[in-house]
Amino acid sequence: MNRSIRLSGIVDESIVDGPGFRMAVFVQGCPHHCPGCHNPQTHDFSGGYDEAPENIFRRYTANPLLKGVTFSGGEPFAQAKALIPLACMLREAGASLWIYSGYTLEQLLSPEAPAGSRELLALCDVLVDGPFLLEHRNLELPYRGSDNQRVLDLPLSLQEGRAVSCLLDSEQ
């Protein structure tokens, strides 16, 4: 039986959380509490509501315009094990998967990483990593809020054992 995911909410058609029309799944709960966070309402682990992965998947497949899903939050890796079944369903359906995290890739690959982190990373295409730092805020950057954050090609990063940046259309 699949576990439920604690959500803050879902945006059915986002154009700011990755390329193309995407579903943005905002998980509830974040240990980082970055000053200036864009989603402070997602910090409280007891807030939000529970949703079954199958229900989110059905909602995604009901919209033929969607090209992918972005996991954001809150901190998705705080619920890595709960997100894995949904990520598996989405991958099988051919969805592009992006994930935002206040952790760096290096932290997520360390022994101290939240349970299920490596498995969830292996199911995703792109990781936008690192905490939002108000002193590094930059509104000109595609898909991130501060210039310390990286947009990483996960399959290539995991294959090479190091962070490999994605070449975004605006950077070509």
**Student:** Are any of the side-chain heavy atoms of Pro19 and Tyr143 separated by less than 4.5 Å?
**Tutor:**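 Side-chain contact under 4.5 Å: yes.
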**Student:** Return the CG to SG distance between Leu152 and Cys166, rounded to the nearest 0.5 Å.
**Tutor:**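 Going from the CG atom of Leu152 to the SG atom of Cys166 covers 7.0 Å.
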**Student:** Distance-only, no hydrogens or angles: does the Ser157 side chain make a donor-acceptor pair with backbone N or O of Val164 under 3.5 Å?
**Tutor:**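 A pair under 3.5 Å: yes.
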**Student:** Just how far is it from atom CZ of Arg162 to atom CG of Leu105, taken to the nearest 0.5 Å?
**Tutor:**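 Reported value, rounded in 0.5 Å steps: 11.0 Å.
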**Student:** A side-chain contact here means heavy atoms from C-beta on lying under 4.5 Å apart; do Ile99 and Phe77 qualify?
**Tutor:**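 Ile99 vs Phe77: side chains touch.
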**Student:** For Ser46, does its backbone N or O pair with a side-chain atom of Arg6 as donor and acceptor, under 3.5 Å?
**Tutor:**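 The answer is yes, because a donor-acceptor pair under 3.5 Å joins these two groups.
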**Student:** How long is the span from the CG atom in Leu123 to the CD atom in Glu92, to the nearest 0.5 Å?
**Tutor:**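 Atom-to-atom, Leu123:CG and Glu92:CD are 10.0 Å apart.
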**Student:** Taking the side chain from Ser146 and the backbone from His136, do they hold a donor-acceptor pair closer than 3.5 Å?
**Tutor:**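 Not confirmed, Ser146 side chain does not pair with His136 backbone.
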**Student:** Applying ring pair (Phe, Tyr, Trp, His ring centres under 6.0 Å), can you list everything that pairs with His32, at least two apart in sequence or on another chain?
**Tutor:**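 Here the qualifying residues are Tyr103.
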**Student:** If you round to the nearest 0.5 Å, how far is CZ of Phe45 from CD of Glu75?
**Tutor:**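 Output value for this atom pair is 8.0 Å.
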**Student:** Might you point out which heavy atoms bring Gly116 and Ile84 nearest each other, and give the distance in Å?
**Tutor:**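 Taking every non-hydrogen atom into account, O-CD1, 3.7 Å.
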**Student:** I'd like to know if Tyr60 and Tyr49 are part of one continuous hydrophobic network [Ile/Leu/Val/Met/Phe/Trp/Tyr, side-chain heavy atoms within less than 4.5 Å].
**Tutor:**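 Tyr49 and Tyr60: one cluster.
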**Student:** Verify, without hydrogens or angle tests, whether Gln149 (side chain) and Gly130 (backbone) share a donor-acceptor contact under 3.5 angstrom.
**Tutor:**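 At least one qualifying donor-acceptor pair exists.
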**Student:** So if I apply the side chain to side chain contact (heavy atoms under 4.5 Å, CB included) rule between Met23 and each of Ile56, Thr70, Asn63, which one comes out positive?
**Tutor:**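 Looking at Ile56, Thr70, Asn63, the match for Met23 under the side chain to side chain contact (heavy atoms under 4.5 Å, CB included) is Ile56.
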**Student:** For the atom pair OH (Tyr100) and CG (Asn39), what is the distance rounded to the nearest 0.5 Å?
**Tutor:**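 Between Tyr100 OH and Asn39 CG, I get 10.5 Å after rounding to 0.5 Å.
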**Student:** Side chains of Arg137 and Phe132, heavy atoms from C-beta outward: is any pair under 4.5 Å?
**Tutor:**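 Touching, per the 4.5 Å side-chain cut-off.
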**Student:** Can you list the other members of the hydrophobic cluster that holds Phe26, where links are side-chain heavy atoms under 4.5 angstrom apart?
**Tutor:**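 Listed partners: Val11.
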**Student:** Is there side-chain contact between Gln107 and Ser117, with at least one heavy-atom pair below 4.5 Å?
**Tutor:**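 Not touching, per the 4.5 Å side-chain cut-off.
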**Student:** Does CG in Leu156 sit with more than 12 non-hydrogen atoms of other residues, nucleotides or ligands closer than 6.0 Å?
**Tutor:**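 Count over threshold, so yes.
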**Student:** Is the backbone N or O of Asn148 less than 3.5 Å from a side-chain atom of Arg150, with the two atoms forming a donor-acceptor pair by type?
**Tutor:**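 Checked: no pair found.
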**Student:** Taking Glu119 first and then Arg91, would you say they form a salt bridge - that is, a charged N and a carboxylate O separated by under 4.0 Å?
**Tutor:**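 No, no charged N to carboxylate O under 4.0 Å.
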**Student:** For Pro53 and Ala82, which heavy atoms make the closest approach, and how far apart are they?
**Tutor:**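 Pro53 and Ala82 have their closest heavy atoms at CG-O, 4.3 Å.
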**Student:** Check whether any side-chain heavy atom of Leu154 lies under 4.5 Å from a side-chain heavy atom of Leu97, and answer yes or no.
**Tutor:**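 They are not in side-chain contact.
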**Student:** Can you find a heavy atom in the side chain of Leu121 that is under 4.5 Å from one in the side chain of Leu109?
**Tutor:**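 Leu121 vs Leu109: side chains touch.
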**Student:** Between the main-chain N or O of Asp12 and the side-chain N or O of Arg59, is there a donor-acceptor pair closer than 3.5 Å?
**Tutor:**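 It does not hold such a pair.
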**Student:** Count the heavy atoms belonging to other residues, nucleotides or ligands that lie under 6.0 Å from NE2 of His33, then report whether that count exceeds 12.
**Tutor:**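 Yes, enclosed.
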**Student:** Is a side-chain N or O of Ser96 found less than 3.5 angstrom from the main chain of Gly68, in a donor-acceptor match?
**Tutor:**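 No; zero donor-acceptor contacts below 3.5 Å.
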**Student:** Nearest 0.5 Å, what's the CG-SG distance between Leu120 and Cys88?
**Tutor:**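 Here the rounded value is 9.0 Å.
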**Student:** Please tell me if the side chains of Leu108 and Ser101 come closer than 4.5 Å, counting only heavy atoms from C-beta onward.
**Tutor:**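 Yes - at least one pair of side-chain heavy atoms lies under 4.5 Å apart.
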**Student:** Could you tell me if the side chain of Gln28 sits less than 4.5 Å from the side chain of Asp44, heavy atoms only?
**Tutor:**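 Result yes, sub-4.5 Å side-chain heavy-atom pair found.
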